[in-house]
Amino acid sequence: MAAKTKFRGSFTALVTPFKNGSLDEAAFRSLVNWQISEGTNGLVPVGTTGESPTLSHDEHKKVVEWCIEEAKGRVPVIAGAGSNSTKEAVELAQHAEKAGANAVLVVTPYYNKPTQEGMYQHFKAINDAIGIPIIIYNIPPRSVIDMSVDTMKRLWELKNIAGVKDATASMVRVSQQRAAMGEDFNQLSGEDATIIGYMAHGGHGCISVTSNVAPRLCAEFHAAWAKGDTKAALAIHDKLMPLHNNLFIESNPAPIKYAMSLLGKFDETLRLPMVPVSESTRAAVRSAMVHAGLIN
């Protein structure tokens with residue numbers, strides 16, 4: 001198969017700022033520009049970190065449009081377009097393509113628990129409906145189902161299936177997928193804490209939560225890795241490791257929104273059923289940010 005995407009480095013799974021119950025457009029656009037100025041290699045709006053489950057379809061589409069408009073082609077945008085309804089996923093993917101996204105991120109259907117064949121048909125329907133690359137988002141802890149390597153290999157034969165955001169946290173899976181699909185299958189980690197192992201097994205980059213708050217350090221990690229400077233990459237990884245851990249003490253994106261509020265980017269408003277983090281988590285996140293040199 002010919003390479004369909006060559007996404008490399010640090011891609012930020014963007015948070016969605018809210019204000020008075022609505023989307024905070026100014027804060028979101030400012031976040032996009034700050035991310036790019038800090039060296040982030042790509043942007044991923046309206047994924048899990050962007051609280052996509054509680055956005056209306058209109059809000060979802062607005063966030064995608066704002067991200068693409070603000071990025072102005074400076075970095076690629078992989079737009080979240082997942083749903084456990086195939087019809088809805090197709091509609092969101094078609095909108096992302098029309099808006100100018102470079103690719104779409106499509107999660108394995110959660111809650112209704114399709115079989116491997118059901119997942120294949122879900123992704124095939126989206127593949128057949130659009131003309132831009134699709135990144136499979138495999139995240140068993142949230143979707144309950146786990147797409148097998150065999151199913152990915154079948155999907156890789158389709159024209160728009162380009163790679164995976166792998167949130168299995170399995171280092172074995174990276175090598176298995178590379179053996180099955182080859183180096184052109186674009187493998188991006190969805191687990192910040194395992195990124196150095198993921199890259200060592202042949203991964204290409206990370207769709208990161210941590211890079212919301214530490215975009216420069218995350219980008220520098222990948223730059224060091226790309227140069228073969230594993231010592232520098234490990235030093236940055238050690239600097240970020242408490243953040244990688246502590247941003248997931250409670251359900252994402254509550255901790256990362258608190259972290260962003262510590263930088264003064266925007267407040268930590270979430271939509272129910274997400275709620276602000278506990279005092280103990282606040283202390284852990286703050287400590288990790290001090291360790292990374294992000295605050296005093």
Side-chain angles (χ1 to χ4, degrees), residues 11 13-16 44-55 57 60 63-64 78-93 96 103-127 129-130 133-156 158 160-174 176-177 180-181 185-195 198 203 206-209 247-248 250-256 270-274:
F11 280 62
L14 294 166
V15 296
T16 302
V44 185
V46 288
T48 306
T49 309
E51 291 178 79
S52 56
T54 53
L55 299 186
H57 283 189
H60 181 116
V63 173
V64 169
I78 307 173
S83 174
N84 60 346
S85 161
T86 304
K87 182 179 179 182
E88 289 181 5
V90 165
E91 181 194 349
L92 293 172
V104 289
L105 180 68
V106 178
V107 70
T108 50
Y110 41 88
Y111 189 72
N112 36 17
K113 292 181 70 175
T115 61
Q116 295 296 317
E117 181 62 26
M119 280 188 272
Y120 175 82
Q121 294 297 338
H122 176 82
F123 280 88
K124 184 178 185 301
I126 301 164
N127 171 86
I130 62 173
I134 298 166
I135 304 295
I136 300 162
Y137 184 9
N138 193 31
I139 182 167
R142 282 192 184 253
S143 62
V144 184
I145 51 173
D146 182 1
M147 184 182 286
S148 70
V149 177
D150 287 343
T151 300
M152 280 189 199
K153 189 174 182 180
R154 285 181 69 198
L155 286 168
W156 177 231
L158 304 178
N160 293 317
I161 302 297
V164 64
K165 176 185 177 182
D166 185 340
T168 63
S170 167
M171 297 302 93
V172 175
R173 194 68 66 90
V174 194
Q176 290 172 334
Q177 288 161 178
M181 277 80 76
F185 188 68
N186 202 166
Q187 296 204 67
L188 303 170
S189 173
E191 289 283 343
D192 280 296
T194 62
I195 185 57
Y198 194 91
C206 185
I207 296 179
S208 170
V209 174
L247 289 175
F248 294 92
E250 295 184 38
S251 295
N252 180 47
I256 191 63
L270 299 128
R271 281 188 176 169
L272 287 170
M274 302 302 295

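Values reported hereafter were calculated over all heavy atoms of this structure, with side chains retained and with hydrogens, waters and symmetry mates removed. A quick note: this is a predicted structure, and the numbers were derived from the prediction, not measured.
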J.: Could you tell me whether the side chain of N127 and the main chain of N160 form a donor-acceptor pair under 3.5 Å?
T.: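 Side chain of N127 to backbone of N160, a donor-acceptor pair under 3.5 Å: yes, one is there.
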J.: Given side chains that start at C-beta, do those of Y110 and S83 come closer than 4.5 Å, heavy atoms only?
T.: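 Side-chain contact under 4.5 Å: yes.
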J.: Take Y137 and T48 through the side chain to side chain contact (heavy atoms under 4.5 Å, CB included) test and state the conclusion after the steps.
T.: CA-CA 10 Å; Y137 184 9; T48 306; 3.3 Å; yes
J.: Is a side-chain N or O of Q177 found less than 3.5 angstrom from the main chain of N186, in a donor-acceptor match?
T.: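 No, because the side chain of Q177 does not come within donor-acceptor range (under 3.5 Å) of the backbone of N186.
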J.: Is there a side-chain contact between W156 and I136, using heavy atoms and a 4.5 Å cut-off?
T.: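 Side chain of W156 against side chain of I136, heavy atoms only: no contact under 4.5 Å found.
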J.: Can you tell me how far the OH atom of Y120 sits from the CD1 atom of I161, to the nearest 0.5 Å?
T.: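 So the gap between those two atoms works out to 9.0 Å.
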J.: If you compare all heavy atoms of M119 against all heavy atoms of I145, which two are closest, and at what distance to 0.1 Å?
T.: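 The pair with the smallest heavy-atom distance is SD-CD1, 3.6 Å.
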J.: If the test is side chain to side chain contact (heavy atoms under 4.5 Å, CB included), which one of V106, L105, L155 qualifies with I134?
T.: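 Testing I134 for a side chain to side chain contact (heavy atoms under 4.5 Å, CB included) against V106, L105, L155 leaves exactly one candidate, V106.
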J.: Less than 4.5 Å apart, any side-chain heavy atom of S208 and any of V44?
T.: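 Not in contact.
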J.: Does V15 offer a backbone N or O that forms a donor-acceptor pair with the side chain of T49 under 3.5 Å?
T.: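 No; zero donor-acceptor contacts below 3.5 Å.
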J.: State, without any angle test, whether T16 and E51 hold a side-chain donor-acceptor pair at a distance under 3.5 Å.
T.: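 E51 and T16 do not have a side-chain donor-acceptor pair below 3.5 Å.
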J.: Salt bridge between R154 and E117, side-chain N to carboxylate O under 4.0 Å?
T.: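 Yes, charged N to carboxylate O under 4.0 Å.
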J.: Could you give me the CA-CA distance, side-chain angles and deciding distance for K165 and F11, then say whether side chain to side chain contact (heavy atoms under 4.5 Å, CB included) is met?
T.: CA-CA 11 Å; K165 176 185 177 182; F11 280 62; over 6 Å; no
J.: Could you measure the distance from the CD atom of Q187 to the CD1 atom of I135? Nearest 0.5 Å is fine.
T.: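 One finds 10.5 Å between CD of Q187 and CD1 of I135.
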J.: Measure across A89 and H122 and return the closest heavy-atom pair with its distance rounded to 0.1 Å.
T.: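 The answer is CB-CE1, 4.0 Å.
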J.: Which atoms form the tightest heavy-atom contact between M147 and R173, and what is the distance?
T.: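 Closest approach of M147 to R173, heavy atoms only: O-NH1, 3.4 Å.
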J.: Any heavy-atom pair between the side chains of I139 and P141 that's under 4.5 Å?
T.: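 They are in contact (side-chain heavy atoms under 4.5 Å apart), so the answer is yes.
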J.: For S148 and D150: C-alpha separation, side-chain torsions, deciding distance, then whether side chain to side chain donor-acceptor pair (under 3.5 Å) applies.
T.: CA-CA 5 Å; S148 70; D150 287 343; 5.2 Å; no
J.: Treating H57 as the side-chain partner and E88 as the backbone partner, does any N or O pair qualify as donor plus acceptor under 3.5 Å?
T.: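 No.
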J.: Between T54 and P273, which heavy-atom pair has the shortest distance, and what is it?
T.: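 So the two residues come closest at CG2-CD, 4.2 Å.
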J.: As an exercise, state the distance from CZ of F123 to OG1 of T151, rounded to the nearest 0.5 Å.
T.: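 Answer for the CZ-OG1 pair, F123 versus T151, is 10.5 Å.
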J.: Any chance you could measure E191, atom CD, to T168, atom OG1, to the nearest 0.5 Å?
T.: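 One finds 7.5 Å between CD of E191 and OG1 of T168.
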J.: Quick one: does E250's side chain get under 4.5 Å of M274's, heavy atoms only?
T.: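 No, too far: nothing below the 4.5 Å cut-off.
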J.: Considering all heavy atoms of both residues, which atom of L188 and which atom of C206 are nearest to each other, and what is their separation?
T.: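 Here L188 and C206 meet closest at CD2-N, 4.2 Å.
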J.: Please walk me through it: do R142 and N252 pass side chain to side chain contact (heavy atoms under 4.5 Å, CB included)?
T.: CA-CA 11 Å; R142 282 192 184 253; N252 180 47; 3.7 Å; yes
J.: Is a donor on one side and an acceptor on the other found under 3.5 Å between the side chain of N112 and the backbone of N84?
T.: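 Between the backbone of N84 and the side chain of N112 there is a qualifying donor-acceptor contact (under 3.5 Å).
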J.: Please check this pair: side chain of D192 against backbone of V209, looking for a donor-acceptor N/O pair closer than 3.5 Å.
T.: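 Answer holds: yes.
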J.: Grab the two heavy atoms, one from A180 and one from K153, that are nearest each other, plus how far apart they are.
T.: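 Here A180 and K153 meet closest at O-CE, 3.7 Å.
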